[in-house]
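Worksheet: one structure, shown below.
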Amino acid sequence: EVGQARGNIRASLGSSQLSSMPQMHPVVTFTNSGGTHADAQVAKLAATTATVTVVVGIAMALVARVARRRVPSSSMQLPQYVEPWAMASTSGFKTYSRSEGRRQPTRLMAMSRMEQYNEACVKLREINTLEGISGLLGWDEMVMLPPGASGSRSDQKSALTGIIYDKKTDQRLGELLKSLGKAPPGTLDPLQTAVIRDALKQYTRNACLPRDLATRISELSTQGYNAWVEARTKSDFSIFAPFLKEWVDISVQKAKFIDPHAEPYDVLLDAYEKGMTSARLDAIFEEVRQGLVSLINEVKTKGTPPDQKLVQGTYDIDLQAKLAESVVLDLGFDLKKGRLDVSVHPFTGGTHPTDVRMTTRFKADDFTEGLTGAIHETGHALYEQGRNLSDTWRGLPVSSALSMGIHESQSLLWERMVALNKAFAPYLLPKLEKQFASFPKGGTPDALWRAMNVVKNPSLIRVESDELTYTMHVILRYEIEKGLINGSIAVDDVPKIWNEKMTAYLGCTPPNDAQGVLQDVHWSAGAIGYFPTYSLGAMYACQIFETAKAAIPGLEEQISKGEFTPLREWLRTSIHEVGSLPASGDELMLSVTGQTLDPQIFLAYLRKKYTEIYMEKPPAPPAAKAPAPPADKPAAPSADKPAAPPADKPSAPPAAPAAAKAPA
């Protein structure tokens, strides 16, 4: 009835005037076979509605004419998902919501692309600011929160998550991003195009999730973390199992909402590593696995472990913290824009590039864990502090890290390519001797380098493992979490499968859950799909560092002197400031290194390094110098001992080269 009346009005008023009429939202259809009374009521409602519609339509047409505004023709299409108030507005008008009494945005058709882009940037920056507040709550929860406050913190995070969710799924933001996403080529510059590309992709991921699911995810992150801490403390996986089951169920639901046609694990993985799939990962990990299994076996069965006396001993935790801070500052971490603390699990967080907060942990009987952990987190922190804060980048998706794999490449570059490099030892050794009075005397940089690169046997803990076995830890986790998502592995079977894979891949079996399946925090926060980025980061780091050595003459000599600025600035301009301007890790690698990710570069690096450490005899230590005789009484040579050679010639054969070329 209403539709027929509207058709009559269209014929009498004409299309140009009708376009200013309000649309009916929603259209309600009454169905009743009960008799004439209901029919009469429907007819009366239809007549009344038609009359009101005619009056409103005429009034709006007169207003438009009086205001001398151009009314759009009926051939113009309104953008999708327009709010009801926008349907009633005319081009160029700014309307007011009668229910809220606040000024409403201009219709998109009346805005230029730049006006749309500027409005979208305002909304995106507001979201970024709120996420900074959320990051602060998360850091405080991990580092400072009293145990009794976990319930209130869960409520706080839940409320804030709801607000952020509303902002991220704002209908107006979606309209702006979709409109800008359809802009003709050349309308937006490359920076603006990257902003819209990433923002629209993230909007799509957020908008498809129901609010109650998003809220539950936030609540479960706190509950899951607390359960994991308790389970890890008691070494009892059953305490954490119900929360992991819920995370698996929620993760599958989330993936299906985002893309019902894709493999759920691929959808989850893409959130951390853009464009990556499980099929691609299977191929990469198979190539790496084949190279690593033979090398690890060769090192363990044929190699000679280096002397570890320089890294053994018990050292005061406070002194370790001071040493770590000294090294972190030398690398370039800015304490005016960040801080270093201790937590159960090392991480880097914060609110903004000017407020970057990282944590580490220390062990009295292993100073290398706290030191390398601090250097690792410094790599993450330098990436964050080096982000582009210019007016056109600030607070927008393009200024963020490209992916978790690229982020991890920066931490592993500093930890492995620098701190575990032979060139780092001459810088570190004097610091150790100065910081710890009990540190062994007479050590050499080469001996320190070898001791810090020992292959752990057994290698039980991922964050404590060496770089040779580390990737096998990651592959194990990847296979389990992929199985959880595709249903081939049950949560209750995870400890058993974990131990079986540890035995098969690394030759050791965890003695308990705390040192096995409960050692990582990631699953407690629902970060399924995150683990593969660690090994991708290791491969990225190796390839990037090889390029840096070619781009910075004398880089390793600079490292040996503690001169880290050239490398840090090269990384800042090549990686950090570039942010998410490239669309993928491969695109960034192609731009920086000249080729996409190549696992063989990583394998060649490991083979060369560990062949030298385990298969080649270390160089002889320098001979001790004999005290010089008095100038007025030279020592006479004995019959069985020739005279000492001249001072400008060595008294012993030259030491073997520090790094002989490894076999291909």
Side-chain angles (χ1 to χ4, degrees), residues 285-313 365-369 371-372 412 415-426 428-429 440 442-476 501-510 534-535 538-539 541-542 545-546 556 599-622 655-664:
F285 285 161
E286 178 61 26
E287 185 175 355
V288 173
R289 184 192 293 113
Q290 289 180 359
L292 279 182
V293 168
S294 60
L295 179 58
I296 292 173
N297 182 64
E298 184 180 359
V299 165
K300 287 186 175 181
T301 59
K302 300 180 181 179
T304 302
D307 188 343
Q308 293 184 260
K309 66 180 180 181
L310 288 182
V311 297
Q312 292 174 338
D365 60 350
D366 184 3
F367 76 84
T368 63
E369 179 181 334
L371 179 60
T372 57
L412 291 178
E415 177 192 356
R416 296 181 181 175
M417 302 297 109
V418 175
L420 296 182
N421 191 312
K422 183 186 290 188
F424 191 77
L428 180 61
L429 182 59
T444 65
D446 183 84
L448 177 62
W449 168 67
R450 291 171 182 272
M452 290 185 67
N453 283 282
V454 68
V455 175
K456 299 289 181 68
N457 191 14
S459 179
L460 286 172
I461 308 299
R462 176 185 63 86
V463 296
E464 299 174 8
S465 66
D466 54 275
E467 63 180 336
L468 186 62
T469 59
Y470 186 92
T471 296
M472 299 311 299
H473 284 278
V474 171
I475 291 175
L476 177 154
K501 289 183 178 291
M502 284 289 294
T503 303
Y505 293 166
L506 295 165
C508 57
T509 304
Y534 288 125
S535 285
M539 288 180 264
C542 188
F545 189 72
E546 289 299 316
E556 291 185 323
Q600 288 300 323
I601 297 176
F602 177 62
L603 290 172
Y605 156 76
L606 291 176
R607 177 162 289 279
K608 180 180 184 298
K609 178 176 180 177
Y610 286 93
T611 296
E612 179 181 355
I613 294 175
Y614 273 79
M615 305 298 176
E616 297 175 5
K617 187 177 180 180
K661 185 176 182 181

For Val288 against Pro599, the heavy-atom pair lying closest together: CG2-CB, 4.0 Å

Report the C-alpha distance between Ile613 and Trp449 in whole Å, list the side-chain angles of each, state the deciding distance to 0.1 Å, and finish with yes or no for side chain to side chain contact (heavy atoms under 4.5 Å, CB included). CA-CA 9 Å; Ile613 294 175; Trp449 168 67; 3.5 Å; yes

For the residue pair Phe545 and Val418, establish whether any side-chain heavy-atom pair is separated by less than 4.5 Å. yes

Nearest heavy-atom neighbours spanning Asn297 and Thr301: O-OG1, 2.6 Å

Any chance you could measure Met539, atom CE, to Cys542, atom SG, to the nearest 0.5 Å? 10.0 Å

Output yes when a side-chain donor or acceptor of His473 lies under 3.5 Å from a complementary backbone atom of Leu506, and no otherwise. no

Can you list everything that forms a ring pair (Phe, Tyr, Trp, His ring centres under 6.0 Å) with Tyr614? Sequence neighbours excluded, please. none

Once side-chain contact (heavy atoms from CB on, under 4.5 Å) is applied, do any residues pair with Glu286, and if so which ones, sequence neighbours excluded? Arg289, Gln290

Taking the basic N atoms (NZ, or NE/NH1/NH2) and the acidic carboxylate oxygens, is any pair closer than 4.0 Å for Glu298 and Arg607? yes

Of all heavy-atom pairs linking Val311 and Phe367, the shortest is CA-CE2, 3.6 Å

By side chain to side chain donor-acceptor pair (under 3.5 Å) - contacts of Thr304 (at least two apart): none

Could you pull out the closest heavy-atom pair between Cys508 and Ser459, with the gap in Å? SG-O, 3.6 Å

I want to check something: taking the side chain as every heavy atom from C-beta on, are Val455 and Thr469 in contact at a cut-off of under 4.5 Å? yes

Got a donor-acceptor contact below 3.5 angstrom from the Asn421 side chain to the Phe424 backbone? no

Using every non-hydrogen atom in the two residues, find where Ile475 and Phe285 come nearest and quote the distance to one decimal. CG1-CG, 3.8 Å

Looking at every heavy atom in both Asp446 and Pro618, which two are closest together, and how far apart are they? OD2-CB, 4.4 Å

Nearest-0.5 Å distance, CZ of residue Arg450 to NZ of residue Lys422: 6.0 Å

At what distance, to the nearest 0.5 angstrom, does CG of Leu310 lie from OG1 of Thr368? 12.0 Å

Of Glu467, Gln600, Glu546, Arg416, the one forming a side-chain hydrogen bond (donor to acceptor under 3.5 Å, both in side chains) with Tyr605 is Glu467

Sorted by chain and residue number, the side chain to side chain donor-acceptor pair (under 3.5 Å) partners of Glu464 (sequence neighbours excluded) come out as none

Applying side-chain contact (heavy atoms from CB on, under 4.5 Å) to Pro445 and not counting sequence neighbours gives Ala425, Pro426, Leu429

Separation of Leu448 CG from Asn453 CG (nearest 0.5 Å): 9.5 Å

Apply side-chain contact (heavy atoms from CB on, under 4.5 Å) to Glu415 and list each qualifying residue two or more places apart in sequence or on a separate chain. Thr372, His376, Leu412

Going from NZ on Lys456 to CD1 on Ile461, what distance comes out if it is rounded to the nearest 0.5 angstrom? 10.0 Å

Nearest 0.5 Å please: distance from the CG atom of Leu292 over to the CG atom of Leu468. 6.0 Å

